[in-house]
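The block underneath contains the structure these notes are about, expressed in C-alpha cells.
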Amino acid sequence: MNKIAIFASGSGTNAENIVKYFQNTPIEIVLILTNKEHAGVIERSKKLNIPCHYFSNEEMKQGIKPLKLLSEKEVDVIVLAGYLCLITPPYLDAFPKRIINIHPALLPSYGGKGMYGDHVHEAVINAGEKLSGITIHLVDEMYDHGRTLCQATCPVLPSDDAHSLSQRIHSLEYRYFPVTIEQYLDELRNR
C-alpha cells in the first residue's frame with residue numbers, strides 16, 4: 001500500500017502538499033490525473049516531476065483508459081484532491097475502500113452535488129454557522145458520503161466572506177490531509 005494516484009481538477013495546491021509530504025518516505029505519488037484540460041495541477045505536476053494525464057469527464061467516468069493506466073502504475077490508493085467529477089462504479093470496484101476524498105465542510109452538512117469550493121463556504125456563512133472545517137473520508141457510491149477518517153474545525157468569523165473562510169479551510173487541508181492519508185495507509189497495511 002505504497003503507491004498513490006492523485007485526482008485533481010484545479011490548481012493542485014493540495015496535490016503539491018501531499019507530494020512534498022511523502023518525499024523521502026516509502027510512500028510514492030506515482031501519477032496525477034485531471035479532468036480539466038488546462039488545470040493548474042498540470043504545470044504543478046511538471047515542477048514536481050510527477051506524470052500527469054488529462055482525460056475528459058466522459059473518459060474519467062467510463063474509467064477504461066484511466067483504470068488501465070492506474071493498473072500499469074500498480075496504484076494502491078486514489079486520493080481526490082479538489083477533484084470535481086463523480087467517482088463511478090468502475091473505480092469503486094477496482095479500489096474498494098481505497099479512494100480518499102477531502103471536503104471543505106463538516107459532513108454530513110454542506111455536502112452533495114454542487115457543494116464544492118466557494119459554494120460550500122457561501123452556504124456555511126449564509127446559514128450563520130459558527131464553525132466550519134474539513135472532512136476527510138472514504139468514497140462510496142454517494143457524493144460526500146463514506147466512512148469519515150478525520151474532521152478538523154475552524155471558526156467562522158462575523159467578518160468572513162467565502163475567500164477569507166476558504167483560506168482557513170485550506171490551512172486545515174494542508175495540515176491534516178497528508179497525515180490522514182498516511183494513517184489510513186498504515187491501517188490498510190495492518191489489516
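Since we're looking at a predicted model, the values are computed, not measured.
Note that SG of Cys154 and CG of Leu106 are 8.0 Å apart. Values are rounded to the nearest 0.5 Å. In this structure, the separation between CG on Asn101 and CD1 on Ile87 is 8.0 Å, given to the nearest 0.5 Å. The structure places CD1 of Ile78 at 9.0 Å from OH of Tyr83, a figure rounded to the nearest 0.5 Å. For the atom pair NE2 (His53) and CG (Leu70), the distance works out to 9.5 Å, reported to the nearest 0.5 Å. Taking CG of Asp76 as the start and CD of Glu28 as the end, the distance is 10.0 Å to the nearest 0.5 Å. Ile27 contributes atom CD1, which lies 13.0 Å from atom NZ of Lys3 (distance to the nearest 0.5 angstrom).
Tyr91 contributes a side-chain N or O that, together with a main-chain N or O of Met60, makes up a donor-acceptor pair within less than 3.5 Å. The main-chain N or O of Gln167 is found under 3.5 Å from a side-chain atom of Ser171 such that the two form a donor-acceptor pair. In this structure, Ser45 contributes its side chain and Pro51 its backbone to no donor-acceptor pair below 3.5 Å. Looking only at distances, no side-chain donor or acceptor of Asn17 sits under 3.5 Å from a matching main-chain atom of Thr13. Judged by distance alone, with hydrogens and angles left aside, the side-chain atoms of Arg44 form a donor-acceptor pair with the main-chain N or O of Ser11 at under 3.5 Å. Remark: the backbone N or O of Asn57 is not paired with any side-chain donor or acceptor of Asn35 at under 3.5 angstrom.
Across all non-hydrogen atoms, the minimal contact from Ile4 to Val75 is C-CG1, 4.3 Å. The minimum heavy-atom distance linking Asp160 with Ser164 is given by the pair OD1-OG, 2.7 Å. Listed here is the closest heavy atom pair of Lys113 and Tyr143: CB-CE1, 3.8 Å. Closest heavy-atom contact between Leu172 and Ala152: CD1-O, 3.7 Å. Considering all non-hydrogen atoms of both residues, Cys150 and Thr180 come closest at CB-OG1, 3.5 Å. Residue Gly146 comes nearest to His137 through the heavy atom pair O-CB, 4.0 Å, listed as atom of the first residue, atom of the second, then distance.
With respect to Lys65, the salt bridge (Lys or Arg N to Asp or Glu O under 4.0 Å) criterion is satisfied by exactly one of Glu58, Glu72, Glu59: Glu59.
Looking at Ile29 and Ile18, their side chains come closer than 4.5 Å, going by heavy atoms from C-beta outward. Thr135 is not listed as a side-chain neighbour of Ile102, based on a closest heavy-atom distance of 4.5 Å or more. Counting heavy atoms from C-beta on, the side chains of Ile125 and Leu165 come closer than 4.5 Å. Thr34 is not listed as a side-chain neighbour of Ile32, based on a closest heavy-atom distance of 4.5 Å or more. Taking the side chain as every heavy atom from C-beta outward, Asp118 and Ser166 approach each other to under 4.5 Å. Residues Leu188 and Arg98 have side chains in contact (heavy-atom distance under 4.5 Å, counting atoms from C-beta outward). Contact of the Glu122 side chain with the Asp161 side chain is not registered, since no non-hydrogen atoms from C-beta on lie closer than 4.5 Å. The shortest distance between side-chain heavy atoms of Val156 and Leu131 does not fall below 4.5 Å.
Taking the six-membered ring where tryptophan is involved, the planes of Tyr174 and His170 are essentially parallel, since the angle between them stays under 30° and well short of 60°.
Linking Ile, Leu, Val, Met, Phe, Trp and Tyr residues whenever their side-chain heavy atoms come within less than 4.5 Å places Ile6 and Ile181 in a single cluster. Val30 and Ile100 are members of different hydrophobic clusters when ILVMFWY side chains are connected at heavy-atom separations under 4.5 Å. Side-chain heavy atoms closer than 4.5 Å link hydrophobic residues (I, L, V, M, F, W, Y) into clusters, and following such links, possibly through other members, connects Leu69 to Phe7. In this structure, Val139 is a member of the same hydrophobic cluster as Leu33, with clusters built from ILVMFWY side-chain heavy atoms closer than 4.5 Å. Hydrophobic clustering of Ile, Leu, Val, Met, Phe, Trp and Tyr side chains at less than 4.5 Å, counting indirect connections, keeps Val77 apart from Ile99.
No side-chain donor from either of Gln151 and Tyr176 sits under 3.5 Å from a side-chain acceptor of the other. Donor-acceptor pairing under 3.5 Å is lacking for the side chains of Tyr110 and Ser132. Between the side chains of Asn14 and Glu173, a donor-acceptor pair is found at a separation under 3.5 Å.
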Could you please spell out the steps behind the side-chain contact (heavy atoms from CB on, under 4.5 Å) verdict for Arg168 and Leu157?
-> CA-CA 11 Å; Arg168 280 195 305 289; Leu157 305 175; 3.7 Å; yes

Would Glu182 and Phe22 satisfy side-chain contact (heavy atoms from CB on, under 4.5 Å), going step by step from the backbone distance to the final call?
-> CA-CA 9 Å; Glu182 184 175 40; Phe22 287 114; 3.9 Å; yes

Go through Ile134 and Phe177 one step at a time and tell me if the side-chain contact (heavy atoms from CB on, under 4.5 Å) criterion holds.
-> CA-CA 9 Å; Ile134 61 167; Phe177 203 10; 6.0 Å; no

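Annotation for Asn24: atom CG does not count as buried by contact number, only 12 or fewer foreign heavy atoms lying within 6.0 Å.
Between Glu43 and Lys46 there is a salt bridge, since a side-chain N of the basic residue sits under 4.0 Å from a carboxylate O of the acidic one. With respect to Asp140 and Arg147, no salt bridge is recorded, no charged nitrogen being found less than 4.0 Å from a carboxylate O.
In the hydrophobic clustering, Ile64 connects to no other residue, as no ILVMFWY side-chain heavy atoms lie under 4.5 Å from its own.
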